[in-house]
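Reading through the C-alpha cells given below for one structure.
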2 protein chains.
Amino acid sequence: MTEYFTPAQVVDRLGFSHDTLRYYERIGVLEHISRDPAGRRRFSAADVEWLEAVRYLRDTGMPLNEIRRYSQLAKDGDRTATTRLELLLCHEERVTDRIAHLNRQHEQLRQKIGWYREHLARQGARDHS
Amino acid sequence: MTEYFTPAQVVDRLGFSHDTLRYYERIGVLEHISRDPAGRRRFSAADVEWLEAVRYLRDTGMPLNEIRRYSQLAKDGDRTATTRLELLLCHEERVTDRIAHLNRQHEQLRQKIGWYREHLARQGARDHS
DNA sequence: GTGCTACCTGGAGCCGGGTCCAGGTCAAGC
DNA sequence: GCTTGACCTGGACCCGGCTCCAGGTAGCAC
C-alpha cells in the first residue's frame, strides 16, 4: 500500500510543470516512473524525494546531463556512492565559486547604484540653488 | 587624441569573445562602436567601461534585452537617470533574492554531502568489523 | 451516453545566448 | 608584390531547457 502522487500533485508541491516532468523522464533525469492501470504516471515518495534533489541540483546550476549521470549512478546502488560523493563535491566547489563571483558582481552593481544616488542628489541640489 | 582599443585588446581585457562583441553590437547592447579608416572597430575608453558594466549586469543575471534598454536610456542623457536607477534597483532586488535562494539550495547540497560522508563512514566501519 | 477533466503520446517549435562559416579587405613585414 | 594575420560582413547553426500542439483515452459527474 505504497502511497502515490498524481502528476498534478507533484506539479503543485514541487513547482515543476507537467511538461518539465515529462521532459525529465524523456531525457533520463527521471526513470521508471510507474503507471496506473490506465497508463497515467504515479510518483512514489522516492520519486518526489529525488525531484527535490533535482531541484536544488538544477537551481545551483548543475546541467541536466550531469544530473542524469548522477541519477544513473544512484540506480546502480551503494557501490557507486563514492563516485556520487565526488561528483557532488566537485559541483559544490563550483557552486561556492559561483556564489563568490556573484557576490563580487553584486557589489559592483551596488556601487553603481550608489553612484547614481549621489549623482541625482547633486543634481537635485543644483536644481534648488 | 582619444585612445582606442582594438577588438583583440578588448577580448584580452574583458573576456568577451570577438563573436560576442559583434553579437552585442548587432542586438544593440553596444552601439556606435566607431571604425578606423579601414572599417575595423576601435573601442573607446567609454566603450570599455560600458562593457565592464555589461559584464556585471549579465553575470548577475540581467537579460540582454534589459541591458539593451538600459543602454538606450543611458544614451538619452541625464534626463533618464532616475529611470535607470529604478531599473538597477529593481534588478538589484532580484539579485539579492537569487543569492538568498542559491544559498538555501547550496545548504541542501551540503547536507546531502554530509549524509554521504556519514553513510560511507558507517560502511567503512562495517568493512573493518 | 455526453461532457468534462486529467491525463497520455510523439514530435515540433521557441527562446536566449552565443558560435561558426565563407568569402572578402586592408596593413605590415619580408 | 606576396603572404600573413587581424579584422570585416551577413547569415546559418547550435545548445540547453523547456513549452506547445494535435490527436487520443480513461474515469467521473450528471
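The stretch residues 56-67 of chain B touches DNA chain C through B/Arg58, B/Pro63, B/Leu64, each having a heavy atom under 4.0 angstrom from the strand.
Side-chain proximity of B/Pro7 to the nucleotides D/dC7, C/dT19, D/dC20 is greatest for D/dC7. You'll find that the side chain of A/Asp19 is closest to D/dC20, out of C/dC21, D/dC20, C/dG18. With distances taken from any side-chain atom of A/Tyr23 to the nucleotides C/dC7, D/dG11, D/dC18, the minimum falls on D/dC18. Between C/dG10, C/dC26, D/dC8, one nucleotide has an atom nearer to the side chain of B/Arg41 than all others, and that is D/dC8. Nearest nucleotide to the side chain of A/Arg22, out of C/dC7, D/dG11, C/dT9: C/dT9. Nearest to the side-chain atoms of A/Ala8 among the listed nucleotides C/dC7, C/dT19, D/dT19 stands C/dC7.
A/Tyr116 and A/His119 have perpendicular rings, their planes meeting at more than 60° on a 0 to 90° scale where under 30° would count as parallel.
In this structure, CZ of B/Arg40 is placed 10 Å from C1' of D/dG5, rounded to the nearest angstrom. B/Phe43 places its CZ atom 12 Å from the C1' atom of D/dC8, with the value rounded to the nearest Å. The distance between atom CZ of A/Arg42 and atom P of C/dC8, rounded to the nearest whole Å, is 12 Å. For the pair B/Arg26 CZ and C/dG18 P, the computed distance is 13 Å after rounding to whole Å. Here the C1' atom of nucleotide D/dG27 and the CZ atom of A/Arg35 are 18 Å apart, to the nearest Å.
Residues B/Tyr70 and B/Trp50 bring their aromatic ring centres within 6.0 Å. Proximity of the aromatic rings of A/Phe43 and A/Tyr4 is defined here by a centroid distance below 6.0 angstrom, and this criterion is not met.
Dashed line: the shortest gap from a side-chain N or O of A/Thr20 to OP1 or OP2 of D/dG17 is not under 4.0 Å. Listed pair A/Thr6 / C/dC7 meets the phosphate criterion, a side-chain N or O lying under 4.0 Å from OP1 or OP2.
Of the N and O atoms on the side chains of B/Thr83 and B/Thr80, not one donor lies less than 3.5 Å from an acceptor on the other residue. No side-chain N or O of A/His101 forms a donor-acceptor pair with one of A/Arg98 less than 3.5 Å apart.
Taken to the nearest 0.5 Å, the CE atom of B/Met62 stands 9.0 Å off from the OH atom of B/Tyr56.
Using a 4.0 Å heavy-atom criterion, one finds that A/Phe16 contacts no nucleic acid atom at all.
At a threshold of 4.0 Å, the pair A/Asp36-A/Arg40 counts as salt-bridged, since one of the basic side-chain nitrogens sits closer than that to a carboxylate oxygen.
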